[in-house]
K.L.:
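Can you keep this structure in mind? I'll have questions shortly.
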Amino acid sequence: MAEDQYPALDFDPFSDEFLTDPYPFHERLREAGPVVWLERYRVWGMARHRQVNAALMNWEAFSSAAGVGLSNFNKEKPWRTPSIILEADPPLHTRTHKILTRALSPMSLHSLRADFEHEAERLVEELVERVTFDGVADLARAYPLKIFPDALGIAPEGREALLAYGEMVFNAFGPRNERFERSMANAAAVTAAITAMCERDALDPSGIGAQVYRSVEEGVISYDEARLLVRSLLSAGLDTTVSAIGNALYLLARNVGEWRTLRDNPQLVRTAFDEALRLESPVQTFFRTTTRAFEVEGVRIPEGDKVLLFYGAANRDPRRWIDPNRFDIRRRGGGHVAFGTGVHRCVGEALSRIEGECILSALAARVKSLALDGKPKLRLNNTLRGFETMGLTVKT
Ligand code: OVV
């Protein structure tokens, strides 16, 4: 390709059509080239694993500080106070990241595991008795909605606001389309509820939220910063795991052989959840903003441009995986970017894995067959891929 020539595509990655079945679009994006120009939003796009991974590793050139959505914070006023971890670069990010890493370390999560297991077993037992249920409302949503706020130390009342807030946050990374506007219908009340939940006095002293406030006492961050870090936990921690668990249930129900393999080999639960994350990645896209002109395989991306990274496409790149569209719970080696990579890699990864693994383990121990009742319905979101409803029937 001649210099300064690059493929330009006109489709809308935030349209119903794209979000309903992104995979044919992903293939076109990957095949078009290592970097493409998306005319509709005047942004660059990268969908191959190599380039997505490299951009995520390079926070100096691919900054998060101007926001990781379409909106460029250097040019537009953000819809909420920016996150001081997600929408920040080092050195600010280094300080805040340390605090959440500690609050969510495998060490501090260790004591939660017993409760998580117990709740998963209790819930699965209840659903097994019902035989037929909604895999989303009754399981993928019910489970995280109980244990995640419990772990953070949030009061039992008013937890539905957490889901409504997640919906807003993840739609807000896309354009101001109808989907975004609809999710913002109740924004004032939902935001007020979330803001109240983040205050130190609203949090149980034994929870992860209170742990974040210990850093205030230690003089590492201010009270307002701690409040924003708790807001990050509430923003990022619930809808993502709801999608992850729902997507895993969908793949296991659709792939009878893989379900049997998991039942016969419960030690595969970790790779099974990981493979579901690769194949139906909850976070489909995030943007970065270039801090300088950057050349990708002969194409020059100018400074200050938005670049859309297609995590879901990278995770099915045939250049990286053999038989990439196949759900294979024995697949090993990781390497997918469902949690991102580099300095912004998900801080809640260990917590999300405990949630996913507890649910899959409880099901595998108790359920012989898992079948979809009819066609599950997607819940379209500008960033997240997940289901709204999923009829399931189980046999023991
Ligand atoms: C990873 C993520 C998603 C959404 C919100 C945030 C983080 C935040 O820090 O607020």
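For the numbers below, each heavy atom of this structure counts, side chains included, while hydrogens, waters and symmetry mates do not. In this text the structure is predicted, and so the values were computed from the model without any measurement.
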K.L.:
Looking at Arg260 and Asp264, is any side-chain nitrogen of the basic one under 4.0 Å from a carboxylate oxygen of the acidic one?
P.N.:
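No, no charged N to carboxylate O under 4.0 Å.
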K.L.:
Identify the two heavy atoms, one from Thr241 and one from Ser352, that lie closest to each other, and give their separation to 0.1 Å.
P.N.:
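Scanning both residues, the minimum pair turns out to be CG2-CB, 3.6 Å.
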K.L.:
Check whether any side-chain heavy atom of Cys358 lies under 4.5 Å from a side-chain heavy atom of Ile354, and answer yes or no.
P.N.:
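In short, these two side chains touch, coming nearer than 4.5 Å.
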K.L.:
Is the shortest side-chain heavy-atom distance between Phe148 and Tyr143 below 4.5 Å?
P.N.:
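Contact flag for Phe148/Tyr143 side chains = no.
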K.L.:
Hey, is CD on Glu17 packed in by over 12 heavy atoms from elsewhere, all under 6.0 Å?
P.N.:
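Atom CD in Glu17 is not packed in, count stays at 12 or less.
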K.L.:
If the condition is salt bridge (charged side-chain N to carboxylate O under 4.0 Å, His left out), which residues does Arg319 pass it with, not counting sequence neighbours?
P.N.:
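In terms of salt bridge (charged side-chain N to carboxylate O under 4.0 Å, His left out), with neighbours along the sequence ignored, Arg319 is linked to Glu31, Asp317.
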K.L.:
Using a strict threshold of under 4.0 Å (side-chain N to carboxylate O), is an ion pair present between Arg332 and Asp274?
P.N.:
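Salt bridge absent between Asp274 and Arg332.
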K.L.:
Do Arg316 and Tyr23 meet the cation-pi criteria used here (NZ or CZ under 6.0 Å from the six-membered ring centre, within 45° of the axis)?
P.N.:
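Output yes; distance and angle both within limits.
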K.L.:
Donor-acceptor pairs are to be reported for all side-chain atoms of residues 70-80 against protein atoms at under 3.5 Å, with residues two or more places apart or in another chain.
P.N.:
unit_1, atom_1, unit_2, atom_2, d
Asn72, OD1, Asn74, N, 2.9
Arg80, NH1, Tyr165, OH, 2.8
Arg80, NH1, Ser235, OG, 3.1

K.L.:
Is the Lys NZ or Arg CZ of Arg130 less than 6.0 Å from the centre of Phe133's six-membered ring, within 45° of the axis?
P.N.:
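Judged by the rule, Arg130 and Phe133 form no cation-pi pair.
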K.L.:
Would His344 and His97 count as a close aromatic pair, with their ring centres under 6.0 Å?
P.N.:
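No, the ring of His344 stays outside the 6.0 Å limit from the ring of His97, centre to centre.
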K.L.:
Answer yes or no: are there more than 12 heavy-atom neighbours, outside Arg95 itself, under 6.0 Å from its atom CZ?
P.N.:
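Yes, the 6.0 Å shell around CZ holds more than 12 heavy atoms from other groups.
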K.L.:
Report the C-alpha separation of Glu217 and Arg200 in whole Å, then their side-chain angles, then the decisive distance to 0.1 Å, and conclude whether the salt bridge (charged side-chain N to carboxylate O under 4.0 Å, His left out) test is met.
P.N.:
CA-CA 12 Å; Glu217 289 148 38; Arg200 174 164 36 195; 3.7 Å; yes
K.L.:
Is the backbone of Asn381 close enough, under 3.5 Å, to the side chain of Asn171 for a donor and an acceptor to pair up by distance?
P.N.:
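Checking the backbone N and O of Asn381 against the side chain of Asn171, no donor-acceptor pair under 3.5 Å is found.
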K.L.:
So, Arg30 and Glu27, do they make that salt bridge, N to O below 4.0 Å?
P.N.:
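The answer is no: the pair does not qualify as a salt bridge.
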K.L.:
My understanding is that only residues two or more places apart in sequence, or in another chain, count here; which of them pass salt bridge (charged side-chain N to carboxylate O under 4.0 Å, His left out) with Glu119?
P.N.:
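By the salt bridge (charged side-chain N to carboxylate O under 4.0 Å, His left out) rule, Glu119 matches Arg122.
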K.L.:
Look at the side chain of Trp259 and the backbone N and O of Lys368, then say whether any donor-acceptor pair between them is shorter than 3.5 Å.
P.N.:
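Yes, because the side chain of Trp259 sits within donor-acceptor range (under 3.5 Å) of the backbone of Lys368.
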K.L.:
Using a 6.0 Å cut-off, check whether atom CD of Glu178 has over 12 heavy atoms from anything other than its own residue.
P.N.:
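It does not: Glu178 CD has 12 such atoms or fewer within range.
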K.L.:
Closer than 3.5 angstrom, by distance alone: can the side chain of Ser64 be matched with the main-chain N or O of Gly67 as a donor-acceptor pair?
P.N.:
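Checking the backbone N and O of Gly67 against the side chain of Ser64, no donor-acceptor pair under 3.5 Å is found.
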